[in-house]
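Have a look at the structure below before the remarks.
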Amino acid sequence: MSDKVKLTYGGAVNAALARCLEQYPETILYGEDVALPGGVFGVTRGLQKAFGERVFDTPISETAMLGAAVGAAMMGRRPIVEIMWMDFALVAFDQIVNQAANVRYVSEGRLSAPLTIRTQQGNAPGACAQHSQNLEALLLHVPGIRVAMPVSAQDAHDVLIAAVACDDPVVVIENRTLYPGAKAEVQLNQPPQPIGGHRRRRRGDDVTVVTWGAISASVQAAADLVAAEGIGADVIEAVWLNPFDTEAVQDSVRRTGRLLVVHEANVTGGFGAEVVARVVEAGVPLKAPPRRLGAQDTRIPAAVALAQAVLPQTAQIADALRALVKG
Amino acid sequence: MAEPLEHLLGMWRIRILEETVQQLRLDGDIVGSVHLANGQEAIAVGACAQLKSQDAVFATYRGHGWALARGVPAHGILAELLARKTGVNGGRGGSAYFSAPEYGFYGENSIVGAGVPIAVGAALAAKFDNSGRVSLAVFGDGAMNQGGVTEAMNLAAVKSLPVILVCENNRYSELTPIEDMVRNPDLSARAGALGIPAVRIDGNDPVQVSTAIALARQNAAHGLGPTFVEAETRRIVGHYIGDAQQYRPEGELEADLQAEPIKRFRRQLEGAGVPNEIVDGVEEKARREIKEATERALADPPVDPSTALEHLYV
Ligand SMILES: Cc1ncc(C[n+]2csc(CCOP(=O)(O)OP(=O)(O)O)c2C)c(N)n1
Ligand SMILES: [Mg+2]
């Protein structure tokens, strides 16, 4: 049997979950509507049928879901919990920040919490302010929690397997706009990869662009636009944000001398600030001041035309690239 | 109009609004996730009939009907969903998260259970502001499993706050049936355990709802604290538009359609000898109103992107 199959992003996540349930008998998979209905996005379809009571539906009780994951993980299970929207994790942040993140550290390594939280975030057309936020920076401020934001089907697959294999709490943030996309070839059955790493989506010598999450597609489109004008963008898609591949970014900026960070999250306090700081603090020589591009610092309105006015668009990214290179 | 006909009119308005919203969503005029309340109209109508203008309703994403029953014009609701400038929140709220406080509708909420503590806070304010306000939180059976709901209920109980807790028990949390959610399906028992007077009623009967809310409001206004009203009902549509409803056992929807409130109430009115033309006239009136509101909303100008940054702070 060939190890390469064509899968959507959602299908790749499903395949990774099936493999984890198969390979690690200590995994359990639960969340709201994940078992019998197969998830509101269909990502967990068929898994209860295949793995029985290790896959189950829970009440709408995020605190109990995540707290139970911490406890079960301490006792040797490897829970994989789906939180339907990242926005909903907010009702249970105590279990992530005060609980999961502290288990290993305070017990001097005698305890661990090898749990994986799968969630998804971001705006989709018409989504309201409570279903649109990009909250990765909240998690990235918390030492002890690993965070990944895969964009391609292959990465969605590999990241999840690495997350489940990891002996620490990992939050994998997907994006619902990616689930149904076009099918892509996905290599299955590779050994679990170490956590960390990035993808270089385009090579260029004029400006480094660091991005993550679904907005990577807009960044690549903008890079294509300016390439026609002779601007070479080096596009680094950060698959993992903790651990973050700082060296890859610094190396690229040493070559280009220019840095733009683009995320869908709003600018203030976003992880883009951290990326810029790591480059600047390392004394990497810059030909132009580094720039951040993200959502405006406001709430996300439901109407599409309003949301577009708040979220970074391809044309703005292209403008930022031009301004950085041409001054 | 006599009270029973008012109930019928209110329910028809909601039903037709929801059917209109569904069509607009399927046609692509409305964008994004939409949750309809078809089948649950009697609760909003029966409850709001007993509320006073100073009262405050806190609803959920399934809240178009509650807004309408509270007196929010259909035009403002439709314009909001259609992303028109004239929407009740100028397009910022959308289907799942709009508010119209000038009508005592303090908003939908798209975080399950989140409205309940806020409603309790509105009741807390009433203790100090001499407004005579009673607040009403409406939430689903699934929301009962959200920790904040129990916290809020207990706070309301111990402080004897003027709040009415209305649980619309439609036996589903999204796609999962209540049997997989709770061991004791009598949710009112939980309120009882917190010392909150609780009733379990037929939520498909606007008269029963009205009676229960009238008593709850009176008790709240007299300083006796919260009442929990578990209104049993069924949604006769999907959880959201586009839900294939594969989770429904065979025959369930057919039975629910027989017990749905409008059909049942019509039968009751006919049985009581109300002439057909009067009963039908109520439906026609509601249809005319919603049609007119829809046409106006569709003709309204779109939201103005230049306003997107306004109102974040004072
Ligand atoms: C905190 C939180 N968790 C999960 C969801 C996703 N969600 C939206 S509606 C819903 C089901 C709610 O069921 P219920 O309270 O019975 O209300 P109903 O939809 O049946 O009216 C869920 C799980 C959410 N919006 N917020
Ligand atoms: Mg329900």
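Computed from a prediction, not measured in an experiment: that's the story for all the values here. Side chains included, hydrogens not; waters and symmetry mates left out as well; all remaining heavy atoms used.
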Among A:V310, A:T298, A:L306, residue most engaged with chain B (heavy-atom pairs, under 4.5 Å) = A:L306
Heavy-atom closest contact (B:Y240 atom, A:V40 atom, distance) | OH-O, 4.2 Å
Checking B:Q246 against chain A: side chain, backbone, both or neither under 4.5 Å from a heavy atom?
-> neither
For the atom pair CG (B:N89) and SG (A:C128), what is the distance rounded to the nearest 0.5 Å?
-> 11.0 Å
Is the count of non-hydrogen atoms from other residues, nucleotides or ligands lying under 6.0 Å from B:E310 atom CD greater than 12?
-> yes
Start with the C-alpha distance between A:L36 and B:T176, add both sets of side-chain angles, then the distance that settles side chain to side chain contact (heavy atoms under 4.5 Å, CB included), and finish with yes or no.
-> CA-CA 8 Å; A:L36 205 58; B:T176 302; over 6 Å; no
Note: vs chain A, highest number of non-hydrogen pairs under 4.5 angstrom among B:S110, B:P305, B:S306, B:G32 is B:S110
In Å, rounded to the nearest 0.5 Å, how long is the span from CG of A:D57 to CG of B:L175?
-> 9.0 Å
Relative to chain A, which of B:D304, B:L312, B:D180 shows the most heavy atom pairs under 4.5 Å?
-> B:L312
Expected contact set for residues 58-70 of chain A against chain B at heavy-atom separation under 4.5 Å reads A:T58, A:P59, A:I60, A:S61, A:E62
Flag the one option from A:A92, A:A35, A:G126 with the top tally of heavy-atom pairs under 4.5 Å to chain B.
-> A:G126
What residue, out of B:A96, B:S173, B:P302, B:G147, has the most heavy-atom pairs lying under 4.5 Å from chain A?
-> B:S173
CD/B:E179: more than 12 non-hydrogen atoms of other groups inside 6.0 Å = yes
Scored by heavy-atom pairs under 4.5 Å with chain A, the best of B:G87, B:A308, B:G94, B:A83 is B:A308
Is there side-chain contact between A:M84 and B:E174, with heavy atoms separated by less than 4.5 Å?
-> yes
Under 4.5 Å heavy-atom distance to chain B, tell me which part of A:Q130 shows up: side chain, backbone, both or neither.
-> both
Taking A:A129, A:A305, A:P125, A:A124 one by one, which has the highest count of heavy-atom pairs under 4.5 Å against chain B?
-> A:P125
